[in-house]
Amino acid sequence: MNKEPNEEAAATEPSRRSFLNKLWIGLGLVALAEVVAVVFAFLRSNKSKAREADSNAMVTAGAASKFEPNSVTAFVRGRFYLARLEDGGFLALSRKCTHLGCTVPWVEKEMKFACPCHASAFEITGEVISSPAPRPLDIYPIVIENNVVKVDTSKPLKRSEFRTEQITYPEKKV
Amino acid sequence: MSSPNVKPGQPNLFQRIWYSIFPHTYKEKDERRPYWGWLNTLVLHFRPKVVQERTLRFSLTWGLGGMAAVLVILLFATGMMLKFAYQPVPDRAYESILHLQNDVFFGQLIRNIHHWGANILLIVVFLHFLRVFFTGAFHAPRQFNWIIGLTMFILVLGSNFTGYLLPWDQLAFWAVTICTGMLEYIPVIGEGLKQIILGGTDLGPATMSNFFAIHTAIIPACLLLLLPFHFWRVRKAGGLVVPRKPDENPATRGEMVPTIPNLILRELVVAAVLIAFIMLLSVVYNAPLGAKANPGLSPNPTKAPWYFAGLQELLLHIHPLFAFVVMPLIIAGVLILLPYIPYNENTAGVWFASHRGRRMAVVAAVVAIVFTPLFVLADDLFFDFAAWIPGIPPVVSSGFLPAAMILAALCGFYVLMKRKYSATKNEAVQAVFVLLLFAFIIMTITTVWFRGEGMALTWPWKV
């Protein structure tokens with residue numbers, strides 16, 4: 001009868017040991033999760049700061065009357081084209097080809113954007129004339145205050161097709 | 001034989017220091033080994049004492065694994081030196097390379113060695129991969145080492161690609177722009193993935209610090225872990241695969257010979273010849289450096305680095321979702337599972353599996369060499385699925401349809417070859433592999449040498 005408590009202890013020993021082992025593994029996993037979280041948080045905030053630094057996203061293009069209808073003006077620092085359509089409306093087009101991101105130059109003679117990388121071509125409205133580009137050039141929001149054209153270059157807007165709502169007109173439309 | 005410290009007075013201070021570092025070199029005078037004996041014992045920590053004599057044959061390995069290891073060491077050494085001269089900021093990077101080339105003693109040479117070494121490493125590991133495949137050295141017990149090798153191949157590719165950006169010239173900037181542009185076509189995660197890699201929406205300072213960190217820390221660290229793992233698994237598998245003739249019994253084993261000098265001497269010769277070759281190349285040809293990167297001006301044509309040129313060629317013909325995502329994923333999946341396919345027999349050690357395997361490989365190569373250029377030409381000149389079947393989205397007409405046709409053609413080829421030659425699964429799988437390999441090589445050549453302005457087909461001397 002004396003032995004009984006001992007036997008009981010022997011019986012509980014493995015389960016206690018396995019419990020402690022599991023505890024260690026669990027703690028280890030928690031520590032691993034912490035490390036992963038720290039690494040991600042580190043990499044993330046590093047990235048978002050770089051974006052905040054880009055504060056001069058609002059580009060003032062100039063007086064609306066300065067731009068001829070049916071013309072395209074390049075803004076090198078803002079990285080966009082300001083296109084004035086025939087009816088006097090404005091479109092701010094990203095200069096990045098929607099195929100793989102090359103910079104598309106405006107070819108005045110042929111009145112089109114022609115990508116040098118894979119021969120995509122776009123209309124003055126950004127519509128695709130020839131593939132492989134899958135969608136029209138991205139656009140940036142335009143605000144026209146007191147006849148001055150301002151372009152918000154913080155975020156390009158993707159579009160699947162050209163629609164007239166995308167055009168911004170000066171206040172006093174003739 | 002007791003510890004040298006117990007015998008005071010005999011060795012002088014310098015000897016005592018020497019023996020404390022290399023205790024096994026301490027012997028009584030008459031049994032003292034040559035002074036470089038410790039080197040041998042060091043070598044035998046990495047290499048077995050004896051090796052199969054037949055695995056020493058140069059035509060088994062072509063020394064490719066050893067070459068890759070030598071190149072990695074060479075790249076580590078030159079890379080560390082370059083780190084002292086290079087400044088990973090867009091405004092400074094290009095100038096720091098110019099400074100390195102023009103003002104630093106041997107700066108140009110070190111950069112050349114790093115450049116050519118990296119390109120040759122990529123070729124060497126690719127050939128190593130082919131050698132392992134064609135000698136059947138992926139069968140058990142080497143299955144997992146095949147996967148480790150594939151992982152390191154991806155790492156070498158990543159290292160070459162991240163290093164490509166660092167000079168920040170026009171070539172680098174636009175090649176990386178279009179390669180990261182491909183990421184956008186991955187559904188759901190593509191956009192986010194691109195932003196993580198670029199550190200924003202455009203190629204800029206954040207991209208450069210990302211690439212620099214990956215190139216100089218992450219990938220080297222991974223390679224340092226995986227290389228010894230790879231070597232250790234070779235030893236665990238009982239050394240290299242033993243070469244044999246197609247009709248030879250795999251159980252026959254040859255003579256064992258001591259590693260020193262038989263294997264080590266051969267490895268040293270290969271290493272010396274390789275280093276001499278790279279030296280010569282670096283003295284004669286400079287690593288290219290174009291004009292400084294200009295984000296406003298894409299050069300015409302803009303090409304991906306040569307090792308992605310095959311992919312770029314595919315992109316010209318097939319919708320990016322399929323060319324860049326679906327088809328590479330299928331190929332990667334098949335490559336990973338390749339050693340785990342239930343084969344009829346273990347052909348380890350036989351070049352191209354059998355006599356029949358060799359004939360079928362030649363047929364597959366010829367088929368690829370004939371039909372790939374035809375496909376490229378036909379697609380450039382006549383095919384226009386998008387126009388022929390209007391009204392359905394381009395993902396289907398120029399993506400799903402041609403991809404499905406290619407897949408069907410491959411399956412047809414597999415069945416046809418298997419029937420016609422009454423071949424085993426090993427031989428038929430190998431034939432499809434050869435077909436894809438040659439198609440890929442021809443597409444790479446097409447983009448590198450036969451595509452000019454606007455990526456239109458042209459002759460090499462007009463590119």
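Each chain gets a letter, A, B and so on, in the order its sequence line appears, and its residues count up from 1.
Of the two parts of Pro299(B), only the backbone, made up of N, CA, C and O, holds a non-hydrogen atom closer than 4.5 Å to a non-hydrogen atom of chain A. Heavy atoms of Ser120(A) lying under 4.5 Å from chain B are absent altogether.
Each side-chain hydrogen bond (donor to acceptor under 3.5 Å, both in side chains) pair with one or both residues in residues 165-175 of chain B, not counting sequence neighbours, appears once here: Gln170(B)-Trp174(B).
Taking a cutoff of 4.0 Å between a charged side-chain nitrogen and a carboxylate oxygen, Glu184(B) and Lys96(A) do not qualify as a salt bridge.
When each of Pro295(B), Cys179(B), Ser298(B), Gly181(B) is scored by its heavy-atom pairs under 4.5 Å with chain A, the top score falls to Ser298(B).
Classification of the Phe308(B)-Phe161(B) ring pair by plane angle, with boundaries at 30° and 60°, yields perpendicular.
Ring-centre distance between Tyr164(B) and Phe211(B): not below the 6.0 Å cut-off.
For Phe80(A), the ring-ring contact (aromatic ring centres under 6.0 Å, His included) partners at least two apart in sequence or on another chain are Phe75(A). Not counting sequence neighbours, Cys115(A) has no partner by the disulfide (SG to SG under 2.5 Å) test.
The closest side-chain donor-acceptor pair between Asn119(B) and Tyr307(B), if any, does not fall under 3.5 angstrom.
Residues of residues 311-319 of chain B that come closer than 4.5 Å to chain A, counting heavy atoms only, are Gln312(B), Leu315(B), Leu316(B), ordered by residue number.
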